[in-house]
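Keep in mind the model is a prediction, meaning the values are calculated, not measured.
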Amino acid sequence: MSIKSIEIVNLLSFEKFKINNLEDINCIIGQNNVGKSNLLKLMRFFYSKLDDNKELPPSLHSQYSTFGSIKITYDTTRIRNIVTSNRTKTTFQKHVYNTLFKGSPIGIGKVFKPFLSKNSEHCLTLIIHSNNAVSWKDGNENFRKIINHLYPFFAVETRHIDLYDWDKLWFLVSKLKSFNVDDLEQDKVIEFFDKNISDNSNSYSDYINKIQNITRASKYSYREKVLNYVKVGLNGQTFMIDGNKLSTQSDGTNSHKYLQIFLNLLISLTRREYISPTVYIDEPETGLHPKRNEELINELYNVYNSFTKKIDEREIGRYKTPYPKILIATHSQNIVKYVIRLFGSNQQILHFSKTKSATTVRKLNTQYEDSRFLHIFSDNESRLLFSHFILFVEGATEVEVFGNLNLFKIFPKLRKIDVYQINEVTRKYITPKYSNALTPYLNIYDADMLFDYNFKNKKISFLSGKVNLLNIRNKYSKYFYGTKNYKKSEVIDSILRLEYNKIETTENKLRFTNLKVKKLINYLNQNIFQDEGFFFTSSTFEGVLINENSLTLFEEWLEFEVRGNLNIKNAENAEHIISAKRRELESGRNDICKIAKSLLSDCILKIKLELNQVSFIDRVKNEYIAYLKGEVYSIAEDPHDRVVVYRFLFDGKSDSLINRKPDSFNVLESGFKTEFKSLRETTFSPLSHLLGKTTGWTTRFLNYAIESLESQHNNEELKREFSVIFPELYGIIEVASSSIDSGTHS
């Protein structure tokens, strides 16, 4: 095994910080300046002091304390099993036993003390004092040297890799293997080369003696000896990519290949070793195309998987040896996506955040039982682990609205919001509630997810699918009597009692007469649902845009669409087409809707028309607009009903939750249904390109509304006016904005 836990107290951005139980692959994520790089700095300093290097210590987090500390706990179970086994021990293994496990039974003796088969661990604590002095709390010098040898640490800061000089890879090679080089006498080495490369003329030994008489150099360290002997056995030492020199490759290619070779060596060379390294790779995505990021993790998985033992019987080239611990600090959703998809239970995502200037860490739940979810787990899902705020929505309309660029100008904080269209497969796993992330979020639901209305018995029933009011009520009822939360349970009780009341509708069944749905849902949103992470619209999201307050603006927009965006279909034959349509209009052979439908379309006018042609097209548009208004008013003179008619046209619902699906629409009077069918299929036929959910009408209407408001108001006045015209949309934006402001996960 390797590092088991890392605990930091009062250093840099860490007040009290601990990572438990590292997995084979550990992705560290979080916004900038939350402490990811600080962890690397402290681990590197810890190991630098293990090597007895002189280095300026890190600063204390709080000067009110006189010291800080770095404590690393190592899982020494495997090395203990090796050095206490029946096998013949090397000198080094005996040294490890005497230093770490002296007194533990060996061989057959372990059988009689089964309690010693439990996991073994050792700790090292480095103390950093306020006067910049450092000291070790645990173990002696031999103990620290053995830990350093058995559990080496490597740091790869991708931004600082020398992309054209990879000699640091040789340092990695020298630390991953233990050879007994101390028993290899120098004279015997010289004798060997004399015999094999100088034809017994002693020219090699003479050459070496002359160099040593002239120069003075320190003795080779153990690592240097190992590396020199390794290099002698290789074909060369200059790294190349596909037979080409590093200097001929791009920076991205060199960075990718460096990391690929580094990780390949790290895993391959430790498969039959008892050395268990840890590596920290900082932002491997630097300079890489997103697909290269994915390739890097896929290549890592292929190497990892090629050594993984699949069965209990002996498999050639596959071992139960623990893998190195790999920490990857990243901002790349591609990397996180592939780590989660490929490494299963052998990975974890650690989310760093800051609370009151101190770094905290949460292990995210990225284990998924449903294989369908892993198959669709893409960048779209992975990016949510990096979010400031997530808005979960049911349909494409919401995605389109909250991605509106003009809306961003009024509410800049919307740029920090991730909008995710949820479905039945992703619903369980994708929310921060499941993943254990601190990311604030809001689920947007239509009113038909809260209650249903039965037109026969005239009663409503609250649903228990997406949101269960009874469960929420029961939760609040457990608080002390008289408290704010207990009072919420009493309010919910009164709302649930509505199920026993008869709820009447207007004669046309489009609205309720004795139930103010908007007021009820608005109250629930503000006082109950916001704390639960929900927001309900009073009908559907189409109703958020088309409401009584926006009605005038909406009708102005429809007129604008006709006047500003409908142009002659075939401009090349404009004169002939206009003459024909003029005759049709004057003779009365066709009504204005058919003429407008055949003459005009949503296109850009590419030629210059004659004045009389422009005049005729304007006449057609004016007569069509007048006819359209008249037809809408004839079916719904009341403004409230007119709002519902427009919602139906754009696939929304009435206040009584009727939609245009046959089973629902059939509750309406046959006269209204006939008139509406004519309105949709005939009157609105010139504007049919706008009707429906995904035609882009929401963007066009919202753009028109915002530009219209901008022309009349300054920014603050515009926000106030916007909140009046689109109260529900403004309410959602306000909830999201306040959550971002108060968030602790920046």
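- A donor and an acceptor atom, one from each side chain of His331 and Asn32, are located under 3.5 Å apart.
- Salt-bridge annotation for Asp282 and Lys36: absent, with no side-chain N of the basic residue lying under 4.0 Å from a carboxylate O of the acidic one.
- Taking the centre of each ring, Phe480 and Tyr486 stay at or above the 6.0 Å mark.
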*asked:* Ser464 vs Leu470, test: side-chain contact (heavy atoms from CB on, under 4.5 Å). Steps then yes/no.
replied: CA-CA 8 Å; Ser464 59; Leu470 182 60; over 6 Å; no
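- More than 12 heavy-atom neighbours from other residues, nucleotides or ligands sit within 6.0 angstrom of NZ on Lys719.
- More than 12 heavy-atom neighbours from other residues, nucleotides or ligands sit within 6.0 angstrom of NZ on Lys466.
- For the atom pair OG1 (Thr366) and CG (Leu374), the distance works out to 9.5 Å, reported to the nearest 0.5 Å.
- Screening Thr330, Val34, Ile335, Ile328 for a side chain to side chain contact (heavy atoms under 4.5 Å, CB included) with Ile29, the sole residue that qualifies is Thr330.
- Judged purely by atom type and a 3.5 angstrom limit, Ser737 uses its side chain to pair as donor or acceptor with the backbone of Ile733.
- No donor-acceptor pair closer than 3.5 Å links the side chain of Asn38 to the backbone N or O of Leu12.
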*Under the side-chain contact (heavy atoms from CB on, under 4.5 Å) criterion, do Thr270 and Tyr323 qualify, and how do the steps go?*
CA-CA 8 Å; Thr270 56; Tyr323 282 96; over 6 Å; no
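- Residues Ser2 and Thr278 bring a donor and an acceptor atom of their side chains to less than 3.5 Å of each other.
- In this structure, the side chains of Ile8 and Leu42 come closer than 4.5 Å at one or more pairs of heavy atoms.
- Electrostatic pairing of Lys325 and Asp24 counts as a salt bridge here, judged by a charged N lying under 4.0 Å from a carboxylate O.
- Around atom NZ of Lys475, more than 12 heavy atoms belonging to other residues, nucleotides or ligands sit under 6.0 Å away.
- Remark: the His351 side chain and the Arg362 side chain contain no N/O donor-acceptor pair separated by less than 3.5 Å.
- Side-chain atoms of Thr77 come within 3.5 Å of backbone atoms of Ser120 as a donor-acceptor pair (strictly under, hydrogens ignored).
- Here the CD1 atom belonging to Ile417 is positioned 8.0 Å from the CZ atom belonging to Phe408, to the nearest 0.5 angstrom.
- Using cut-offs of 30° and 60° for the angle between ring planes, the Tyr476 and Tyr479 rings count as tilted.
- No donor-acceptor contact under 3.5 angstrom links the side chains of Asn293 and Glu285, judged on distance only.
- You'll find the side chain of His61 reaches within 4.5 Å of the side chain of Glu15, heavy atoms only.
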*Applying salt bridge (Lys or Arg N to Asp or Glu O under 4.0 Å), run through Arg427 and Glu424 and close with a yes or a no.*
CA-CA 5 Å; Arg427 186 178 303 280; Glu424 289 308 314; 3.3 Å; yes
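- Under the 4.5 Å side-chain criterion, counting only non-hydrogen atoms from C-beta, Leu259 is in contact with Ile281.
- Without hydrogens or angle criteria, Glu7 side chain to Ile19 main chain gives no donor-acceptor distance under 3.5 Å.
- Of the possible polar contacts, one joining the Ser387 side chain to the Leu384 backbone as a donor-acceptor pair under 3.5 Å is found.
- Judged purely by atom type and a 3.5 angstrom limit, Asn26 uses its side chain to pair as donor or acceptor with the backbone of Glu23.
- Between the side chain of His122 and the backbone N or O of Leu100, at least one donor-acceptor pair lies under 3.5 Å.
- Between the side chains of Ser378 and Asn380, no donor-acceptor pair of N or O atoms lies under 3.5 Å.
- Once rounded to the nearest 0.5 Å, the distance linking CZ of Phe262 with CG of Leu300 reads 11.5 Å.
- Expressed to the nearest 0.5 Å, how far CD1 of Ile70 lies from CD1 of Ile6 amounts to 10.0 Å.
- For Glu490 and Lys487, the salt-bridge test fails: no basic side-chain N is under 4.0 Å from an acidic carboxylate O.
- Under the 3.5 Å distance criterion, the side-chain polar atoms of Ser382 are matched with a main-chain donor or acceptor of Gln333.
- The distance between the ring centers of Phe535 and Tyr445 does not fall below 6.0 angstrom.
- Ring geometry for His129 against Phe67 counts as tilted: the plane angle lies between 30° and 60°, on a 0 to 90° scale.
- A heavy-atom distance below 4.5 Å is found between the side chains of Ile732 and Leu391.
- The aromatic ring centres of Phe143 and Trp136 sit 6.0 Å or more apart.
- Side-chain atoms of Ser48 and Asp51 form no donor-acceptor pair, as typed in the model, at a separation below 3.5 Å.
- In this structure, a donor-acceptor pair under 3.5 Å is absent between the side chains of Ser477 and Ser489.
- With rounding to the nearest 0.5 angstrom, the OH atom of Tyr338 is 6.0 Å from the CG atom of Asn298.
- The local environment of CZ in Arg415 is crowded, with over 12 non-hydrogen atoms from other residues, nucleotides or ligands closer than 6.0 Å.
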_Verdict with reasoning, Glu721 to Leu718, per side-chain contact (heavy atoms from CB on, under 4.5 Å)_ = CA-CA 5 Å; Glu721 191 66 19; Leu718 189 153; 5.8 Å; no
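- Leu438 contributes atom CG, which lies 6.5 Å from atom OG1 of Thr360 (distance to the nearest 0.5 angstrom).
- You'll find the side chain of Leu364 stays beyond 4.5 Å of the side chain of Leu350, heavy atoms only.
- Of the possible donor and acceptor atoms, one in the side chain of Asn527 sits under 3.5 Å from a partner among the backbone N and O of Tyr523.
- Between Val336 and Phe386 the shortest side-chain heavy-atom distance falls below 4.5 Å.
- For Ser130 and Thr66, the side-chain atoms include no donor-acceptor pair closer than 3.5 Å.
- In this pair, Phe373 and Tyr429 present their aromatic rings tilted. The plane angle is within the 30 to 60° band.
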_Test side-chain contact (heavy atoms from CB on, under 4.5 Å) on Ile376 and Val425; report intermediate values, then the result._
CA-CA 9 Å; Ile376 65 172; Val425 178; 3.8 Å; yes
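- Aromatic ring centroids of Tyr441 and Tyr420 lie 6.0 Å or more apart.
- Using a 4.5 Å heavy-atom cutoff, the side chains of Ser538 and Glu728 are in contact.
- A salt bridge links Lys291 with Glu294; the closest basic N to acidic carboxylate O contact falls under 4.0 Å.
- Using a distance-only test at 3.5 Å, with no hydrogens or angles considered, no donor-acceptor pair links the side chain of Asp418 to the main chain of Ile390.
- Side-chain atoms of Asn21 and Ser5, non-hydrogen and from C-beta on, never get closer than 4.5 Å to each other.
- When only modelled atom types and interatomic distance are considered, Asn365 and Ser435 share no side-chain donor-acceptor pair under 3.5 Å.
- Note: Tyr301 and Phe343 have perpendicular aromatic rings, judged against thresholds of 30 and 60 degrees for the angle between ring planes.
- Here Phe722 and His713 keep their ring centres 6.0 angstrom or further from each other.
- Here Asp493 pairs with Arg473 in a salt bridge; the nearest charged N to carboxylate O distance falls below 4.0 Å.
- Of the N and O atoms on the side chains of Glu283 and Thr158, not one donor lies less than 3.5 Å from an acceptor on the other residue.
- Checking Lys409 against Asn406 by side-chain atom types alone, a donor-acceptor pair falls below 3.5 Å.
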